[in-house]
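Letters A, B, ... are given to chains in the order of the sequence lines, protein chains preceding strands, and every chain is numbered from 1.
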Amino acid sequence: MGYDFKTIEKKWQAHWAKNQTFKADNHSEKPKYYVLDMFPYPSGAGLHVGHPLGYIASDIYSRFKRHKGFNVLHPQGYDSFGLPAEQYAIQTGQHPAKTTQENINRYRQQLDQMGFSFDWSREVRTSEPDFYKWTQWIFLLLFDHYYCNSANKAQPITQLIEQFERKGNETVNAVCDASTPNITASEWKSFSETEQQEFLLHYRLTYLSEAEVNWCADLGTVLANDEIINGVSERGGFAVTKKKMKQWSMRIGAYAERLLQGLDRIDWPESLKEMQRNWIGKSIGAKVFFQIENHEKRIEVFTTRPDTLFGVTFMTLAPELDLVQEITHPDQKEAVEKYVEETQKRTQRERMADVKNCTGVFTGSYVLHPFTKERIPIWIGDYVLADYGTGAVMAVPCGDQRDYDFAKHFDLPIKNIFSGVSIEKEAFTDKGTTVIDHSDFLTGLSYEEAMKTVIKALEDQGSGEGTINYRLRDAIFSRQRYWGEPIPMYYQEGLPQPLDLKHLPLTLPEVEKYLPTPEGAPPLGNAETWAWDTQKEQVVANVLIDHKTVFPLELNTMPGWAGSSWYFYRYMDATNTNSFVGKEAAAYWKEVDLYLGGSEHATGHLLYSRFWQKFLFDLDLLPVEEYAKKLINQGMILGTSAFVYRKPGTQTYLSKELIQEADQTEPIRVDVGFVNSADELDIEGVRRWQPQFEKATFKLHNGVYKVGREVEKMSKSKYNVVNPDTICEQYGADTLRMYEMFLGPIEQAKPWNTAGISGVHNFLKKYWRLFYDGEQSVVHNEEPSKEELKILHETIKKVTHDIEHFSFNTCVSALMICVNELTSLKSHSSEILSPLTLLLSPFAPHLASEMWEQLGNKTTIDQVDFPLANESYLIQDTKNYPVSFNGKMRFTLELSLDLDQAAIQEAVLQDSRALEYLDGKTPKKWIVVPNKIINIVY
RNA sequence: GCUCGGAUGGUGGAAUUGGUAGACACGUUGGACUUAAAAUCCAAUGACCAUUGCGGUCGUGCGGGUUCAAGUCCCGCUCCGAGUACCA
C-alpha cells in the first residue's frame with residue numbers, strides 16, 4: 001500500500017460535509033475575511049479542468065486565512081438563468097428549471113470531489129424566486145429613483161415631482177434623456193396623469209424608451225454592447241442589426257464619473273481597470289450650437305476640438321437622427337431617404353467592414369457658423385454614430401482624418417487653420433505642436449489657449465459650453481427570453497406601472513412553448529396566466545384582461561447580468577426573508593475582500609455590479625461604495641487540440657511528418673483522449689469514435705501516426721476538453737489542485753498538459769513516504785537537527801510570503817524542495833512533519849488532514865493555526881550569505897545577531913564582486929542594526 | 001489605428017525587484033534495484049570549445065545607453081497576445 005488518495009479523499013470530504021466544517025458565522029471574535037468566486041452558469045457540459053482554476057486558488061487562500069485566524073466567508077452558488085437551458089427547452093420541450101437542476105447536481109458533485117471549502121449553507125441560485133424576488137425589488141428601486149447631479153447621488157423620484165410642481169424642470173440638475181423638453185411648473189401641472197408618468201421616464205434610473213437596439217434575429221433578442229464582439233453576437237456569432245424597439249434601459253451613464261473615479265480606490269488588475277476606463281470613455285470638450293438656416297432649431301454637436309471651430313467646412317449627421325427628416329430640403333428628399341433606408345438594412349458587421357468607403361448624402365440644408373455666420377452645408381453619413389455625443393459632428397477636415405476623407409471623397413472644401421503645417425495628404429491631428437491660424441480671435445494661440453478662449457467665447461454668446469462626454473451607453477435591460485427574471489411591471493394605457501413591493505416575487509409563468517409567439521412577442525406571451533389584477537392584487541389569466549382592473553404584464557425578462565449584479569451580498573445573509581441582506585450581516589461582512597474571476601467580465605458583470613452597488617449605497621442600503629476590495633483575474637486554461645490531416649476528397653490521413661509543403665491537406669480535429677503525450681494517435685480508438693474514420697487509411701511514419709497540435713480555448717466542440725473527473729480518478733483531487741497551481745502564475749493563460757502532472761503526483765507520494773516506509777510508520781519524536789529546522793523554517797517563510805502574494809506556483813515549488821531535502825536527510829521527526837503538514841494543508845487538504853490525524857492530533861487540521869517562521873533557525877553558517885552592494889559604499893547582509901565580526905568580515909570577503917570593485921579596501925565602520933540587518937559602510 | 005500586457009533552455013516556468021540567470025517540474029539520456037515490468041532511487045541535461053584534469057567563451061527577441069554590476073532601469077525597433085474600434 002502507498003498513498004491511497006481515493007480512500008483519503010472520500011473520508012475527508014464526508015467528514016467536512018458531516019461536520020459542516022466550513023460554515024461561516026455572522027458573529028465572531030475573529031477578524032472577518034470574505035473570499036468570493038464568480039459563480040458559474042451550470043451548463044450541460046459539466047466542468048472541465050479550466051473551470052476550477054480560480055476556485056482552487058480562492059480555496060487555497062480561504063484555507064490559509066482560516067489557518068491565520070480569520071472568520072472566512074467562502075460561499076458558492078449558481079448563476080442559473082441563461083440562454084443554453086432555454087435553447088435546450090426550445091428543442092426538447094424540457095422545462096429549463098429541470099435541466100438547470102440536473103446541471104446543478106452534476107456541478108455540485110464535481111465541485112465536492114475537488115475538496116473545496118465552500119459554505120454550502122449559503123448557496124444562492126439566481127433562478128430561485130426567493131432570490132430573484134430581491135433582483136426585482138432592486139429593479140423597482142431603480143425605477144423609483146433619479147440621479148441628482150447636485151447631490152451627486154440617486155434620489156427618490158418623489159423629490160423630482162416636488163421640484164416640477166414648484167419650478168418645472170429648468171432648474172433641475174438631474175441626469176435625463178437628451179431629448180427631454182423643458183417644461184414650466186404650470187405645464188407640469190397641466191399634464192394628465194399619463195403625461196406626467198411619461199415625462200418622468202426621462203429621469204428614472206430604469207426607464208422604458210423607444211430605443212435603437214442591437215437586434216440579433218437568430219437569437220431572437222436584443223443584446224447589450226458588451227454582448228457583441230466584432231459586430232456579431234458573443235454567443236453563437238450571429239449577425240446583429242439595428243432596430244427600434246420599446247425597451248427597458250438602465251441609466252448607468254448617470255454613474256459614469258463615479259464608476260471612473262472609484263477605480264482609483266480599488267485593488268484590481270491595472271489592465272482590467274484600463275478596460276473599464278476605455279469602456280466608460282471620458283472625453284473633455286465642448287458642446288456647440290449651430291443655428292439652422294431658415295429654421296427655428298439649432299443643431300448641437302459635441303467636439304473635443306473646439307479650438308478648430310474656424311476650420312469647420314461642413315456638418316455631418318447620423319442618418320438615424322429624427323432631425324434628418326425635418327431639415328432635409330425637398331430637392332434632396334429622395335436621395336436622403338434612400339440612403340437612410342440603406343444604412344438601416346446593413347448589419348453592424350457590414351458597416352464595420354467598410355470603414356474605408358465613404359458614404360453620405362447632402363441634405364440640401366445649411367447651418368450658420370456661430371462666429372463667422374458662414375453657411376455650412378449639412379450632410380448625413382454613417383461614419384457618424386447616432387448614439388455617441390449628439391449624433392452630429394462639426395466636420396473639420398484639416399484636423400480630423402475621417403472628416404478629411406469625407407471631404408476629399410465628396411469634393412468639399414478643406415480649410416487649413418494650422419500654422420506652418422501641410423495638409424496636402426492627410427489631416428493634421430497632433431495637438432499642441434503648432435498654433436492656430438486663420439481663425440479670427442484664435443489666430444496665434446496654442447491648443448490649450450485656444451480651447452480656453454473659444455469655450456469662454458461660446459459660453460458668452462450662448463452658443464455652446466465646455467462639457468464632458470462619456471462613451472458609456474445606457475444598458476438595455478429587456479430580453480425577449482423566457483428563462484430570466486420577470487420584470488415586475490404591468491401596462492395601463494400603454495404606460496408601465498410597477499407592482500407593489502409586497503407582491504414580489506413575480507414568479508415565472510408556465511408556458512407550452514419557449515419560442516416567441518406567432519405575433520413575435522417574447523415567449524412570456526405564450527403564458528395563459530400573465531396579467532395583473534389590480535383589485536385582487538394577483539396574477540390572473542390573460543383572458544380576463546379588461547384594461548380597467550386587469551392589465552397585461554411585461555413580457556420581457558431581465559438580462560443575465562441582473563442577478564449577478566448583487567448576489568455577493570445575498571451570501572452574507574442567504575436565508576433572510578425580510579431583506580435582500582440584513583443590515584447587521586452587511587455591516588459585519590461589509591465587502592468582498594478578495595474576488596476571483598475571469599477578465600472576460602470586465603465590461604459586463606464587473607461594471608454593472610459596481611453600478612448597482614453605487615446605487616444601493618446611495619440609498620444607504622449597503623455600507624460601502626465599492627464591493628470588491630481586491631480582484632484577481634485567473635487566466636484561462638487552454639486546450640491543446642489534436643489534428644489529423646486528410647487528403648482532400650479521399651479517406652487518407654497523413655501523419656504530420658509526412659506532409660510536404662506542396663501537399664494540400666485538411667486538418668480535422670480528433671478527440672485529445674485518443675492522443676498520448678508523444679502526440680501519437682490511438683488509431684483503433686478513433687475508428688470506433690466516429691464513423692468517418694471507420695474505414696479510413698492512416699499513413700504512418702516510423703510505425704506511428706503523429707497528430708498536429710494547436711492551443712485554443714477548451715471547448716466540447718473542439719474535442720480538446722480534459723475532464724477533472726478523469727484526473728481525480730487517476731491522480732486524486734489533491735494532485736489536480738496542486739498541479740493546476742503549479743502550471744504557472746494564476747493570472748496567466750496557459751495550455752493544459754496532462755503529461756506534467758506526474759511531477760506533482762510524485763511529490764505527494766514522496767511526502768507520504770516521509771511518514772511511511774511501505775506499511776511501516778517511520779515517524780519518531782526525536783529532536784530534529786538544526787539543518788532540518790532550517791529547511792522547515794525557510795519553507796514556512798517562503799510559503800507564507802507566496803500565498804500572501806498569490807504566487808501559488810512558486811509556493812508549490814518551495815514545498816517540493818522542502819520535501820526533497822527532508823527525504824534526502826531521512827527526516828521523520830514529528831516536530832518537522834507537523835508544521836510541514838500545515839503548510840501543505842491549503843493545497844492538498846485531504847492528504848494534509850489525513851496525515852495530521854496520523855500524527856496523533858486530537859483536533860482536525862482545520863482548527864490549527866499556521867506555523868510561524870522562526871528567524872533564528874534560518875541562518876547557521878556564514879558561507880552563503882547574500883551580500884549586496886548598492887553603489888553607495890554600503891553592504892547589506894542578512895545575518896543572525898549572534899554572529900561575531902570576524903564571521904561577518906569573512907562573509908563580505910567571500911564575495912568576489914565586492915572585492916573586485918573595492919580593490920582590497922577594508923571596511924571603515926560596521927553598523928549593526930538590531931534585527932538581523934547589518935550595514936557596513938566603507 | 002488607439003490602449004494595455006508580454007518575449008528567459010526541447011517544454012511549463014523561477015530569479016530576494018539592480019547583485020552568482022535558468023530554481024522547481026516535465027521531457028530526454030545513462031545507471032542502480034528487478035527474471036521482467038511497474039514503482040522507486042541516483043547521475044547528466046542552455047549553447048559552443050576543451051574534455052589527459054583543471055577549465056574557457058557566448059548566452060534572457062533586436063540595436064544602442066546608464067552602472068563596479070542590467071533578464072530587471074532609459075532610448076529606438078521587431079514580433080506575439082488581450083481589449084477596443086468610424087467615439088467627433
Handout entry: Aromatic contact, A/Phe314 with A/Phe406 (centres under 6.0 Å)
Key =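 Yes: the rings meet the under 6.0 Å criterion.
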Handout entry: Validation row, ring centre A/His369 to ring centre A/Phe310 under 6.0 Å
Key = yes
Using a 4.0 Å heavy-atom cut-off across all strands, classify [X] as base, sugar-phosphate, or nothing.
X        : result
A/Arg709 : nothing
A/Leu385 : base
A/Val384 : base
A/Asn809 : sugar-phosphate
A/Pro751 : nothing
A/Gln748 : sugar-phosphate

How many Å lie between [atom1] on [X] and [atom2] on [N], as a whole number?
X        : N     : atom1 : atom2 : result
A/Asn225 : B/A85 : CG    : P     : 8 Å
A/Ile280 : B/C4  : CD1   : C1'   : 16 Å
A/Leu317 : B/C86 : CG    : C1'   : 16 Å
A/Trp752 : B/C26 : CH2   : P     : 15 Å
A/Ile746 : B/G5  : CD1   : P     : 21 Å
A/Met636 : B/G83 : CE    : P     : 8 Å
A/Asn278 : B/G5  : CG    : P     : 12 Å
A/Phe808 : B/G13 : CZ    : C1'   : 17 Å

On the 0 to 90° scale, with breaks at 30° and 60°, tag the [X]-[Y] ring pair as parallel, tilted or perpendicular.
X        : Y        : answer
A/His605 : A/His601 : perpendicular
A/Tyr739 : A/Trp752 : perpendicular
A/Phe808 : A/Phe843 : perpendicular
A/Phe302 : A/Tyr388 : perpendicular

Practice task
Answer yes or no: does a side-chain N or O of A/Asn820 lie under 4.0 Å from OP1 or OP2 of B/A25?
Solution key: yes
Practice task
For B/A88, take OP1 and OP2 only and decide whether either is under 4.0 Å from a side-chain N or O of A/Tyr388.
Solution key: yes
Can you tell me how far [atom1] in [N] sits from the matching atom in [M], rounded to whole Å?
N     : M     : atom1 : value
B/A44 : B/U35 : P     : 28 Å
B/A14 : B/U66 : P     : 32 Å
B/G63 : B/U8  : P     : 16 Å
B/G61 : B/G9  : P     : 7 Å
B/C68 : B/G81 : P     : 41 Å
B/A21 : B/G56 : P     : 14 Å
B/U52 : B/A69 : P     : 37 Å
B/U28 : B/U17 : C1'   : 34 Å

Fill in the blank from the handout: Where RNA chain B forms runs of at least three Watson-Crick or G-U pairs (i with j, i+1 with j-1, under 3.5 Å), the stems are B:1-7 with B:78-84, B:10-12 with B:24-26, B:27-32 with B:40-45, B:46-49 with B:55-58, B:61-65 with B:73-77
Handout entry: Gap separating the NE2 atom of A/His793 from the SG atom of A/Cys818, nearest 0.5 angstrom
Key =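 With rounding to 0.5 Å, NE2 (A/His793) is 10.5 Å from SG (A/Cys818).
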Practice task
Enter the distance from A/Lys706:NZ to A/Glu680:CD here, rounded to the nearest 0.5 Å.
Solution key: 5.5 Å
Fill in the blank from the handout: Contacts of A/Tyr739 and A/Lys750 projected onto RNA chain B by closest heavy atom; the upstream (5') one is A/Lys750
Practice task
Report the residue (A/Glu274 or A/Arg471) whose heavy-atom-nearest nucleotide on RNA chain B is the more 5′ of the two.
Solution key: A/Glu274
Looking at the side chain of [X], which of [options] is the nearest nucleotide?
X        : options             : value
A/Ser271 : B/C86, B/G83, B/C4  : B/C4
A/Val393 : B/A14, B/A88, B/U84 : B/A88
A/Ile817 : B/A23, B/A25, B/A88 : B/A23

Handout entry: Modelled atom types, side-chain donor and acceptor of A/Asp430 and A/Tyr447, under 3.5 Å
Key =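 No donor-acceptor contact under 3.5 Å links the two side chains.
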Exercise for the section: For A/Asn720 and A/Ser641, test the side chains for any donor-to-acceptor distance below 3.5 angstrom and give the result as yes or no. Expected result: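 Yes, because at least one side-chain N or O of A/Asn720 sits under 3.5 Å from a partner of the opposite role on A/Ser641.
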Completion exercise
Per the O4'-C1'-N9-C4 / O4'-C1'-N1-C2 angle with a 90° window around 0, B/U40 comes out anti
Problem - Salt-bridge criterion met for A/Glu794 and A/Lys797 (N-O under 4.0 Å) - result: no
Handout entry: Cationic N near anionic O, under 4.0 Å, A/Glu426 to A/Lys408
Key =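 Judged by the 4.0 Å cut-off on N to carboxylate O distance, A/Glu426 and A/Lys408 do not form a salt bridge.
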Dump the pairs, protein N or O against N or O of nucleotides 36-45 of chain B, anything under 3.5 Å, distances to one decimal.
from  : atom 1 : to       : atom 2 : distance (Å)
B/U40 : OP1    : A/Asn762 : OD1    : 2.9
B/U40 : OP1    : A/Lys765 : NZ     : 3.2
B/U40 : O3'    : A/Arg769 : NH2    : 3.1
B/C41 : OP1    : A/Arg769 : NH2    : 3.0

